[in-house]
Amino acid sequence: MVSMGLFYAAAVIALAPTLLLMYVLLRKYTYPYTERPYFSDPTFFLFFAVGLVAGVVMFLVHSYVIGNIIAIIIYALVQVMAVIVIMNLKRYRGKSDSVFYGLGFGLGAGGSTATGFIYYISSSADMLDGSIDILGWVFLFILGLSMILQYSSVGTTAGEGIARHAPMHFAVQAMIYNVVYWVVFTIMLLNSDSVAMYVMAAAAFAISLFYLRYAYFKEIAQIADEVDRQNDTVGKRHRPKLKN
């Protein structure tokens with residue numbers, strides 16, 4: 001019973017900010033904010049659902065390689081390639097809305113991975129001296145949020161790569177950010193009994209927040225501007241091909 005209670009708490013702590021972030025990031029790109037949405041809601045939620053499942057798998061993989069820097073680097077690279085492989089279908093290549101579906105995939109993966117991580121840590125409590133107090137839950141919330149931000153950013157960059165017919169070019173960009181994030185995250189886990197844990201946790205959160213800010217204001221906003229320019233004389237939203 002206690003275990004299920006912790007799981008529900010972890011799910012709320014992870015999925016509530018995931019859904020809030022989804023609303024904040026997407027509200028001006030779909031109904032009712034605009035009559036010409038930039039993506040299909042059903043397709044977006046399909047990728048979100050696929051991301052939820054993928055996040056569970058990625059969490060299980062992470063639980064096996066946790067604490068091993070070399071394995072974590074490989075994990076960070078594979079994580080990006082997994083998004084590329086899943087999204088690289090013919091119907092999404094070169095289409096502007098793919099960047100939004102990448103974000104949806106990342107939000108789903110980040111939400112489920114964060115849920116698993118928060119539940120694992122809270123149930124074992126090894127990193128928090130055997131107990132979870134209010135500050136401990138706040139700490140776990142920040143860690144989970146950093147995962148959500150990071151996965152969302154990786155998904156967005158991968159989605160832009162699919163949209164621009166240059167998946168590997170953008171995959172490399174995502175890999176650089178992702179490796180840095182997960183190495184910092186792992187250093188945090190390896191220093192759970194010192195101030196360094198909190199310093200590294202703050203660094204991981206800062207990296208993920210900076211990356212999402214870049215993905216949202218640079219990648220998504222730029223594609224939206226290109227779509228607007230191409231649709232000025234059309235009168236309705238379509239899925240224009242983008243320049244590399």
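Just so you know, these numbers use all the heavy atoms, side chains as well, and skip hydrogens, waters and symmetry mates.
Contact check for K95 versus Y101: no side-chain heavy atoms found under the 4.5 Å cut-off. Contact annotation: the side chain of I86 approaches that of F105 to within less than 4.5 Å [non-hydrogen atoms, C-beta and beyond]. In this structure, I84 and F170 have side chains that are not in contact, with every pair of non-hydrogen atoms separated by 4.5 Å or more.
In this structure, a donor-acceptor pair under 3.5 Å is absent between the side chains of Y92 and N88.
Separation of the Y198 and F139 ring centroids falls under the 6.0 Å cut-off.
For F185, the ring pair (Phe, Tyr, Trp, His ring centres under 6.0 Å) criterion is met by F117, Y181, W182, not counting sequence neighbours. Taking A196 as the reference, N191, S194 meet the side chain to side chain contact (heavy atoms under 4.5 Å, CB included) condition, with sequence neighbours excluded. Scored by the side chain to side chain donor-acceptor pair (under 3.5 Å) test, T157 finds Y211, E219 as partners (sequence neighbours excluded). Under the side chain to side chain contact (heavy atoms under 4.5 Å, CB included) criterion, L190 pairs with T186, not counting sequence neighbours. Annotation: side chain to side chain contact (heavy atoms under 4.5 Å, CB included) contacts of A82 (sequence neighbours excluded): none.
Both I142 and I187 are assigned to one and the same hydrophobic cluster, defined by single-linkage of ILVMFWY side chains at heavy-atom distances under 4.5 Å. Both F205 and V195 belong to a common hydrophobic cluster when Ile, Leu, Val, Met, Phe, Trp and Tyr are linked at side-chain heavy-atom distances under 4.5 angstrom.
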Kindly list each side-chain donor-acceptor pair under 3.5 angstrom involving residues 13-29, sequence neighbours excluded, with atom names and distances?
residue: T18; atom: OG1; partner: A14; partner atom: O; Å: 2.7

Please set out all donor-acceptor pairs under 3.5 angstrom arising from side-chain atoms of residues 63-76, sequence neighbours excluded.
residue: S63; atom: OG; partner: L60; partner atom: O; Å: 2.5
residue: N68; atom: OD1; partner: I70; partner atom: N; Å: 3.1
residue: N68; atom: OD1; partner: A71; partner atom: N; Å: 3.1
residue: Y75; atom: OH; partner: M58; partner atom: O; Å: 3.2
residue: Y75; atom: OH; partner: Y151; partner atom: OH; Å: 3.1

Residue pair M81, M168: steps toward the side-chain contact (heavy atoms from CB on, under 4.5 Å) verdict: CA-CA 9 Å; M81 288 308 303; M168 292 311 301; 3.9 Å; yes

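Checking side-chain atoms of S153 against main-chain N and O of L212 turns up a donor-acceptor pair under 3.5 Å. Of the possible polar contacts, none joining the T113 side chain to the G110 backbone as a donor-acceptor pair under 3.5 Å is found. The closest donor-acceptor contact from the side chain of S112 to the backbone of L52 lies under 3.5 Å.
For the pair W137 and A9, the tightest heavy-atom approach, listed with the atom from each and the gap, is CH2-CB, 4.3 Å.
The CD atom of Q79 sits 7.5 Å away from the CD atom of Q150 when rounded to the nearest 0.5 Å. Note: D228 CG to S96 OG = 10.0 Å, rounded to the nearest 0.5 Å. The structure places CZ of F48 at 10.0 Å from CG of L103, a figure rounded to the nearest 0.5 Å.
Judged by the 6.0 Å and 45° rule, R213 forms no cation-pi pair with F210.
Heavy atoms from other residues, nucleotides or ligands lying under 6.0 Å from CG of L89 number more than 12.
Taking Ile, Leu, Val, Met, Phe, Trp and Tyr as members and joining any whose side-chain heavy atoms lie under 4.5 Å apart, directly or through other members, the hydrophobic cluster of I176 also contains V172. In the hydrophobic clustering, where aliphatic and aromatic side chains (Ile, Leu, Val, Met, Phe, Trp, Tyr) are joined below 4.5 Å either directly or transitively, V53 stands alone.
For residues 39-51, the pairs satisfying side chain to side chain donor-acceptor pair (under 3.5 Å) are T30-D41, S40-T43, with sequence neighbours left out.
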